[in-house]
Amino acid sequence: MKILHLSTTDIKGGAGIAAYRLHKGLLDNEIDSQMLVQRKSSKDTSVLCSNSKLEKFFAFFCLASDKIVANIFGPKNYEIVSPALFSSITLRAIDKINPDIVHIHWICGGFLSPEKIKQIKQPIVWTMHDMWPFSGVNHYNADEKNYITGDFENSNFLDRWTFKRKKRAWNSLNNFTAVSPSKWLANEAKASYLFKNFKVENIPNGIDVDLFKKQDKELARKKYNLPLDKKLMLFGAVNPLSGERKGYKLLVSVIQELLKLNINKDLALVVFGSSDDNKVDFGLPTYFIGKISSEEELAIVYSAADIFIAPSREDNLPNTVVESMSCGTPVAAFNIGGMPDMIDHRMNGVLVEPFNVNLMAKEISDIFNDENYYNSLTVEARKKVLNYFDIKIVIKKYLELYKSVL
């Protein structure tokens, strides 16, 4: 069995990282797996990328064209818009590898167009990391139900045209299976106009639980020059302050409510994934530690914190939540997207109705004020990951799926 993963990136961005972890997990299980990407950041020889100057220029052209067209003609009320006009990847590159299954991941940014996807001859498994595969140009648009009705007549021109292109392309797909890391996205896909007749499976993203594990809190804090005498809240993602989807403005409001509860003397915030250049005034001592260069370092950061806050407005199954829980650091989040797949309220973290910042602050305060409660959350958070999100468990599920489509 030979698997080829197609992903815009390998170790950059949440979707690329999830794809790479799956690829490496398959290799560890002696499965013939390769990864073909548009932009390679790792030094892994099993990850392939265009090398010639002409191929790199064309990849840049595809990416730039997507961005320019999206900025000029795309809807203005969404953070990410992908018309997928061109493909920097060729069918020749796929056929040269000669896989038994082509496993698609996040492929926007000019890497793979709908027209190119329909030409792939091998069975296709597509792990959806957002709503784009069954929507128009938008990656998250749960508030608009046009992706369910298929009625895009009143939508933005580029949104409508991209949806029609997908409709034509997906109608040509035969041996095709969609996979969602979260139950929420799986249900949305099953209800969608484009994917309602396709097989949709729910398989979560997996992590290396031997890497993401609890470490000495004092040593972790000393490494990043963080205070030893404060309760540390952690917030972070890929560029968490660049848009509103990850909820940094909601976090500001949560902290304001926390301050009203008179526990501000003991609190501080740690932010990763963003530099001081993007500093936001959160209203209490804040430590910006920038982008984390490795997963080993990331595990140390999670271990330094007392709680991870994930105030996302829209999200699928963010890696950060599972990673934090695996390190024994409980998570506070709003009950949206795939959050309830990971967090069991008041058992291994807290799950708050969207977007009740007062209640979120109260839940966090309760955690900090009850040591036995907190200790129970840390133990149960780790258990949840071991039982459901260990990469070894995820690999077994994918191997069963691969065998079923051949």
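These numbers come from the heavy atoms of this one structure, side chains and all, not from hydrogens, waters or symmetry mates. Numbers here simply count residues along the sequence, with the first being 1.
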Derivation and outcome, salt bridge (Lys or Arg N to Asp or Glu O under 4.0 Å), residues K230 and D306: CA-CA 9 Å; K230 290 186 180 294; D306 293 293; over 6 Å; no

Verdict with supporting geometry, H139 and C108, side-chain contact (heavy atoms from CB on, under 4.5 Å): CA-CA 10 Å; H139 290 254; C108 296; 3.5 Å; yes

Trace of the side-chain contact (heavy atoms from CB on, under 4.5 Å) decision for I17 with N205: CA-CA 10 Å; I17 291 170; N205 299 326; over 6 Å; no

CA sep, side-chain torsions, deciding dist, call: E400, K403, salt bridge (Lys or Arg N to Asp or Glu O under 4.0 Å): CA-CA 5 Å; E400 291 175 1; K403 291 174 183 178; over 6 Å; no

Stepwise side chain to side chain donor-acceptor pair (under 3.5 Å) check, W184 with D341: CA-CA 9 Å; W184 162 75; D341 292 13; over 6 Å; no

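Using a 30° and 60° split on the angle between ring planes, H103 and Y398 fall in the tilted class, from 30° to 60°. Relative ring orientation between H23 and Y20 is described as tilted, the plane-to-plane angle lying within the 30° to 60° band. Ring pair F288/F282 is tilted by interplanar angle, where 30° to 60° counts as tilted. F195 and W170 have tilted rings, their planes meeting at an angle from 30° to 60° on a 0 to 90° scale.
When the options I3, D95, V405 are evaluated for a side-chain contact (heavy atoms from CB on, under 4.5 Å) with Q122, the one that passes is D95.
Taking a 6.0 Å sphere around OH of Y193, one finds it holds 12 or fewer heavy atoms contributed by other residues, nucleotides or ligands. Few gaps surround NZ on K217; more than 12 heavy atoms of other groups in view lie less than 6.0 Å from it. Shown here is F60, whose CZ atom has no more than 12 heavy atoms of other residues, nucleotides or ligands within 6.0 Å. For K199, the NZ atom sits in a packed shell: over 12 heavy atoms of surrounding residues, nucleotides or ligands are nearer than 6.0 Å.
Side-chain contact annotation: E55 with S52, donor-acceptor N/O pair under 3.5 Å present.
Under the 6.0 Å cut-off for aromatic ring centres, Y224 and Y287 do not qualify, their centroids lying 6.0 Å or more apart.
The distance from the CD1 atom of I104 to the CD1 atom of I124 is 4.5 Å, given to the nearest 0.5 Å.
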